[in-house]
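Below: one structure, written as structure tokens.
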Amino acid sequence: MKLYNLKDHNQQVSFAQAVKQGLGNQQGLFFPLELPEFERTAIDDLLALDFVSRSSKILAAFIGDEIALPPLQERVKAAFTFPAPVITVTEDIACLELFHGPTLAFKDFGGRFMAQMLSYISAADEKITILTATSGDTGAAVAHAFYGMDNVRVVILYPQGKISPLQEKLFCTLGGNIHTIAIDGDFDACQSLVKQAFDDEELKQTIGLNSANSINISRLLAQVCYYFEAVAQLSQEQRNQLVVSVPSGNFGDLTAGLLAKSLGLPIKRFIAATNANDTVPRFLAHGAWQPKTTVATLSNAMDVSQPNNWPRVEELFRRKAWHLNELGFGAVSDDTTKATMRELADMGYISEPHAAIAYRLLRDQLQPGEYGLFLGTAHPAKFKESVEVILGQSLALPEALAARADLPLLSHAMPAEFADLRKFLFNA
Ligand SMILES: *Cc1c(COP(=O)(O)O)cnc(C)c1O
């Protein structure tokens with residue numbers, strides 16, 4: 001597999017290099033040089049396979065001969081150990097539940113596959129530091145995926161006080177090779193610190209710097225697989241008129257969905273759903289890219305005003321000669337999110353703020369004859385505090401959370417200053 005840097009098309013790297021480096025020169029994102037496509041009949045054959053076999057073939061179509069199919073399949077099997085069920089919510093809408101993994105969010109798919117790929121392509125004695133910023137869920141997925149791996153040190157930055165207490169418990173209580181830092185700032189400040197670290201050649205070389213954010217191509221490719229898994233569970237009729245609504249923050253999930261469509265998966269259109277951090281909806285409505293200061297919302301994993309993956313979305317539209325005006329979009333306020341969660345609960349479906357935003361826009365924009373799917377990106381219990389207040393009922397904690405809820409936090413606190421982070425990375 002060859003990938004090019006979106007900011008410097010002359011920089012081309014292999015899949016292994018892209019996985020190890022994360023970002024290219026000038027902080028450019030890597031993008032596949034070839035965009036594979038399956039014939040309609042090949043898609044039908046793929047859809048008939050089980051999740052792991054099908055996913056291995058999809059990933060092989062991108063990765064090519066860099067990794068042979070049998071070891072790839074072995075790694076996929078080790079990463080994808082939990083299901084992604086499609087749960088019917090109304091007559092014409094279902095939820096693709098992506099939260100049945102160890103940290104109860106869709107990021108388990110990408111995080112676990114990336115850990116598998118990194119360990120496959122690295123020498124046993126190579127020292128690697130994973131530096132990642134999280135708005136809540138990436139941190140947990142990455143921490144759990146890499147926990148206990150000998151040659152990998154993980155450093156996770158998160159905005160102090162801006163993630164849910166249970167989210168924090170899930171990844172800040174592990175210790176060992178997992179270091180967590182509460183930054184005095186918002187998620188964009190954390191993301192900016194990570195970018196500065198990647199610009200620091202000396203640091204990068206000395207500590208073997210790698211990022212596990214959704215900017216890492218291995219995570220995106222893993223996420224392509226569950227869009228196929230969703231369609232595989234639908235009837236032929238539903239497949240023909242499918243609209244998918246994606247709750248978006250950094251826009252990795254939407255990029256993966258669009259890549260699935262570019263492979264030939266029948267998805268009629270997508271809806272890019274955001275909370276009040278609506279840089280993309282405003283851009284799609286008015287054509288001007290004008291990020292505002294990030295505001296805190298109920299759907300904190302989507303509190304991103306400068307979404308990292310957007311250049312990939314634009315590149316894919318350009319390469320495929322699709323038009324951005326085919327992309328549905330919308331932003332949902334916290335008040336509407338709450339009302340929507342209650343509306344869903346009245347229909348017998350307990351959801352959380354991120355999924356509710358995707359449902360709201362899908363419900364409002366779905367046309368007669370279409371079938372809608374919204375992504376359930378996190379387990380409702382992960383946002384227990386807010387969900388219980390909004391719905392007026394209590395939620396049981398799943399085992400993974402219950403086990404960590406009473407452990408002490410092991411995080412360091414740090415101002416949003418690169419000099420402090422640099423010192424930590426050299427010394428920790
Ligand atoms: C990360 C996350 C999102 C946003 O996904 P992106 O790929 O960053 O757009 C949405 N919902 C939840 C629960 C998340 O953890």
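Counting convention: from 1, in listed order, for ligands and their atoms alike. Quick caveat, the model's predicted, so the values are computed rather than measured.
- Within the structure, the closest approach of Ala105 to ligand 1 does not fall below 4.0 Å when heavy atoms are considered.
- Using a 4.0 Å cut-off between heavy atoms, Glu352 makes no contact with ligand 1 at all.
- Checking each of Thr293, Thr274, Asp188, Thr279 against Ser305 for a side chain to side chain donor-acceptor pair (under 3.5 Å) leaves exactly one that passes, namely Asp188.
- Geometrically, ligand 1 and Phe383 share no nitrogen or oxygen pair separated by less than 3.5 Å.
- Near Asp253, with a cut-off below 4.0 Å to any heavy atom, the atoms of ligand 1 are 7 (O).
- Lys384 places a side-chain N or O within 3.5 Å of a backbone atom of Leu395 that can act as its donor or acceptor partner.
- The closest donor-acceptor contact from the side chain of Arg360 to the backbone of Ala331 lies at 3.5 Å or more, if one exists at all.
- Residue contacts with ligand 1 for Lys107 involve side-chain atoms from C-beta outward but no N, CA, C or O (heavy atoms, distance under 4.0 Å).
- Close approach of ligand 1 to Gly252 (heavy-atom distance below 4.0 Å) involves ligand atoms 6 (P), 7 (O), 9 (O).
- Aromatic ring orientation, Phe80 versus Phe51: parallel (interplanar angle below 30°, classes split at 30° and 60°).
- Arg75 places no side-chain N or O within 3.5 Å of a backbone atom of Met117 that could act as its donor or acceptor partner.
- Between Asn250 and ligand 1, at least one N/O pair is under 3.5 Å apart.
- Between Thr377 and ligand 1, at least one N/O pair is under 3.5 Å apart.
- Arg112 and Thr81 share a side-chain donor-acceptor pair at under 3.5 Å.
- Close contacts of ligand 1 with Ala301, meaning ligand atoms under 4.0 Å from a residue heavy atom, involve 2 (C), 12 (C), 14 (C), 15 (O).
- Counting only N and O atoms by type, the side chains of Asp303 and Asn275 include a donor and acceptor under 3.5 Å apart.
- No N or O atom of Ala378 sits closer than 3.5 Å to an N or O atom of ligand 1.
- Atoms of ligand 1 found under 4.0 Å from any heavy atom of His354 (numbered from 1 in listed order, with element): 11 (N), 12 (C), 13 (C).
- Residue contacts with ligand 1 include Phe106, since one of its heavy atoms falls under 4.0 Å from the ligand.
- The side chain to side chain contact (heavy atoms under 4.5 Å, CB included) with Leu375 is formed by just one residue from the set Tyr227, Tyr359, Phe106; it is Tyr227.
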